[in-house]
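Below: one structure, written as structure tokens.
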Amino acid sequence: MEYVHAEFSRGEDAAAAIGDLTAQGVPASAMELYSLRPVELDPAPLARRSRMSLIAVLSAITVGGGATALVYWAQRDYPLITGGMPINSGWATGVVTFETTMAGAVMGIFAALLWESGLIRRRKDVPVPSVPDEGVVLQVAGVRDVAGIQESLHTAGAIAVEVVGNQR
């Protein structure tokens, strides 16, 4: 698979190039931006759908519900002589439920962050561009019309455009 790396001096030029490439039919999933410093861009060009909130809620419900069930069963399975007090303590169960629900949400967010950032599923054959101190590098993966993409990137204001093959 071939990759095209284009270096831009300004983030606005990279955003214009992304818009041009999207108009040519290059999917947003095939483009990545690299920069050493934060770049203020409109989120629309490379918007990717995040499922972090859904994962947080589902993991909170799963972990909190599981912990509550374990506490309930533990309170039922060990019959103690309580002297007339209730066997199930609502306050103790509530504290455990709240804490484990929040812990489940945090674990879900952490797992989703690792997954969506690509740290867990990073492919080793994708070349990483050399990023300049100032500026942005746009990486386009798996392009068919390399010459057309290079021309479009130069037109958008790329300083340098390089075609790189995967490293195996």
Side-chain angles (χ1 to χ4, degrees), residues 1-68 97-168:
M1 178 181 291
E2 288 187 328
Y3 296 86
V4 177
H5 293 171
E7 182 181 335
F8 295 91
S9 61
R10 299 179 328 130
E12 294 82 13
D13 295 338
I18 291 168
D20 292 344
L21 293 176
T22 304
Q24 291 179 15
V26 177
S29 61
M31 294 183 269
E32 289 286 337
L33 273 177
Y34 294 89
S35 176
L36 294 179
R37 292 173 176 58
V39 178
E40 294 291 329
L41 294 177
D42 182 33
L46 290 179
R48 293 185 174 95
R49 189 173 175 172
S50 175
R51 292 184 174 81
M52 280 191 182
S53 59
L54 175 65
I55 292 171
V57 169
L58 291 177
S59 63
I61 290 170
T62 302
V63 174
T68 303
T97 299
F98 175 77
E99 294 296 334
T100 55
T101 300
M102 293 303 109
V106 169
M107 288 187 293
I109 285 290
F110 184 67
L113 174 73
L114 290 176
W115 179 261
E116 289 186 6
S117 68
L119 293 173
I120 292 177
R121 57 188 170 92
R122 180 73 55 196
R123 292 192 337 242
K124 302 213 183 309
D125 60 343
V126 176
V128 178
S130 64
V131 182
D133 289 337
E134 299 291 330
V136 179
V137 174
L138 174 64
Q139 180 184 55
V140 185
V143 293
R144 290 185 204 102
D145 181 23
V146 175
I149 297 296
Q150 285 178 317
E151 180 63 32
S152 177
L153 291 170
H154 278 297
T155 304
I159 298 170
V161 178
E162 176 186 16
V163 178
V164 180
N166 61 353
Q167 301 165 353
R168 288 193 178 193

For residues Q139 and V164, determine if any side-chain heavy atom of one lies less than 4.5 Å from a side-chain heavy atom of the other.
-> no
Is the side chain of S152 donor-acceptor paired with the backbone N or O of G148 at a distance under 3.5 Å, no angle test?
-> no
Any idea which heavy atoms bring P132 and V137 closest together, and the distance?
-> CD-CG2, 3.6 Å
Is a side-chain donor or acceptor of S59 paired with a backbone partner of G104 at a separation under 3.5 angstrom?
-> yes
Student check: side-chain heavy atoms of V140 and L21 closer than 4.5 Å = yes
Closest non-hydrogen atoms of Q24 and I149, given as atom of the first, atom of the second and distance, are OE1-CD1, 3.6 Å
R37 side chain to V136 backbone, donor-acceptor under 3.5 Å = no
Spacing of CD belonging to E162 relative to CG belonging to L153, to within rounding of 0.5 Å | 12.5 Å
What distance do E116 atom CD and I109 atom CD1 have between them, rounded to the nearest 0.5 Å?
-> 8.5 Å
Separation between CD1 (I18) and CZ (F8), nearest 0.5 Å, reads 8.0 Å
Would you name the heavy atoms of A156 and D13 that are closest together and state the gap between them?
-> O-CB, 3.6 Å
Could you tell me which non-hydrogen atom of L33 sits nearest to which non-hydrogen atom of A14, and how far apart they are?
-> CD2-CB, 4.1 Å
To the nearest 0.5 Å, what is the distance between CD1 (I55) and CG (L113)?
-> 10.5 Å
What is the minimum heavy-atom distance between T62 and L58, and which atoms define it?
-> OG1-O, 2.8 Å
CG of L138 to OG of S35, rounded to nearest 0.5 Å, is 12.0 Å
